[in-house]
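Scroll down for the structure; my scribbles are underneath it.
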Amino acid sequence: MGDADCLFCGIVERRIPAEIVHEDPAVVAFKDIHPQAPTHLLFVPRTHLSGPGQLTGPQASVAQDLLGAATRTAERFGLDRSGYRLVLNQGRDGGQTVGHLHVHLLGGRPLGWPPG
Ligand code: 5GP
Ligand code: ZN
C-alpha cells in the first residue's frame, strides 16, 4: 500500500484519475497535467520512494524499471528518431514538487539547454 497523502500513490492505486499510458508490474506512466512539450509523460514506481535520492542499494533496480519503461514508451510514441529528454528532479533546488519519485519524458519539440 502506498502513502495515503501521496498524489502519485493515489494515481497508482486509481484513487485519483489520470490518463495512464503504460503499466507494468513495477511502473505506471501517465500524462502530465501541465504538459511542457507535445509529449510530456511521468513514469512512477508502484512503490513509494520520495525521489531519485532513494535509488540506492536494494532500490537501484527501480531506476532500470523506470528508464526501461520510459525508453520503450518513447519508441511507442514515435520519439526515438526525433529525440526526447528524460528528467529526474530531486528536492527544492532540483524543482521537485511531488514527493514520489518520477521520471519526466518530454518530446515533440526541440528542448532548450541548459534548463532554467
Ligand atoms: P516535479 O516538478 O516534481 O519534477 O514534477 C511534478 C509534475 O507533476 C509536474 O510536471 C506537474 O505538472 C505534474 N502534476 C502535478 N499534479 C498532477 C496531477 O494531479 N496529475 C498529473 N497527471 N500530473 C500532475
Ligand atoms: Zn507515493
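One-based numbering, in listed order, for ligands and for the atoms of each. Numbers here are sequence positions counted from 1. Any value given below was found using the heavy atoms of this structure, including those in side chains, with hydrogens, waters and symmetry copies removed.
Linking Ile, Leu, Val, Met, Phe, Trp and Tyr whenever their side-chain heavy atoms come within less than 4.5 Å puts I20 and L7 in one cluster. Taken together through direct or relayed side-chain contacts under 4.5 Å among Ile, Leu, Val, Met, Phe, Trp and Tyr, L42 and L55 form parts of separate hydrophobic clusters.
Across the listed options L42, L101, I33, I33 owns the non-hydrogen atom lying nearest to atom 21 (C) of ligand 1. When the heavy atoms of V44, I11, D32, I20 are ranked by distance to atom 13 (C) of ligand 1, first place goes to D32.
Between L49 atom CG and L66 atom CG the span is 8.5 Å, to the nearest 0.5 Å. If you take CD on E75 and CG on D80, they are separated by 5.0 Å, rounding to the nearest 0.5 Å. In this structure, the separation between OG1 on T47 and CG on D65 is 9.0 Å, given to the nearest 0.5 Å.
Within the 4.0 Å heavy-atom criterion, the part of K31 lying near ligand 1 is the backbone and not the side chain.
Taking only nitrogen or oxygen atoms, main chain and side chain alike, H40 does not reach within less than 3.5 Å of ligand 1. Ligand 1 has no N or O atom lying under 3.5 Å from any N or O atom of L7, backbone or side chain. Not a single N or O atom of F30, backbone or side chain, sits closer than 3.5 Å to an N or O atom of ligand 1.
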Residues 100-108 side chain polar contacts: donor-acceptor under 3.5 Å, at least two apart:
residue, atom, partner, partner atom, Å
H100, ND1, H48, ND1, 3.3
H100, NE2, P45, O, 2.9
H102, ND1, H100, O, 2.7
H104, ND1, H40, NE2, 2.8

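Distances shorter than 2.8 Å separate the Zn ion (ligand 2) from the protein N/O/S atoms C6 SG, C9 SG, H48 ND1, H100 ND1.
For R46 and E23, the salt-bridge test passes: some basic side-chain N is under 4.0 Å from an acidic carboxylate O.
Looking only at atom types and distance, the side chain of H22 has a donor-acceptor partner in the side chain of D24 under 3.5 Å away.
A heavy-atom separation below 4.0 Å is not found between E19 and ligand 1. In this structure, G95 is part of the shell of residues with a heavy atom less than 4.0 angstrom from ligand 1. Under a 4.0 Å heavy-atom criterion, H102 is in contact with ligand 1.
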Original post:
Can you list the steps and then say if L41 with D32 is a side-chain contact (heavy atoms from CB on, under 4.5 Å)?
Top reply: CA-CA 5 Å; L41 307 176; D32 195 292; over 6 Å; no
Original post:
Step by step, would you call F43 with F30 a ring-ring contact (aromatic ring centres under 6.0 Å, His included)?
Top reply: CA-CA 7 Å; F43 294 77; F30 49 90; 8.7 Å; no
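For ligand 1, the atoms closer than 4.0 angstrom to any heavy atom of F8 are 8 (O). Those atoms of ligand 1 with a heavy atom of H34 less than 4.0 angstrom away are 12 (O). Taking every non-hydrogen atom of T97 and a distance limit under 4.0 Å, the qualifying atoms of ligand 1 come out as 1 (P), 2 (O), 3 (O), 5 (O), 6 (C). For ligand 1 and Q96, the ligand atoms under 4.0 Å from any heavy atom of the residue are 3 (O). Heavy-atom contacts of V98 reach the following atoms of ligand 1: 3 (O), 6 (C) (cutoff under 4.0 Å).
Heavy-atom contacts from other residues, nucleotides or ligands closer than 6.0 Å to CD of E19 number 12 or fewer.
Under a 3.5 Å cut-off, the side chain of Q96 and the backbone N or O of V98 do form a donor-acceptor pair.
For Y84 and F77, the ring centers are positioned 6.0 Å apart or more.
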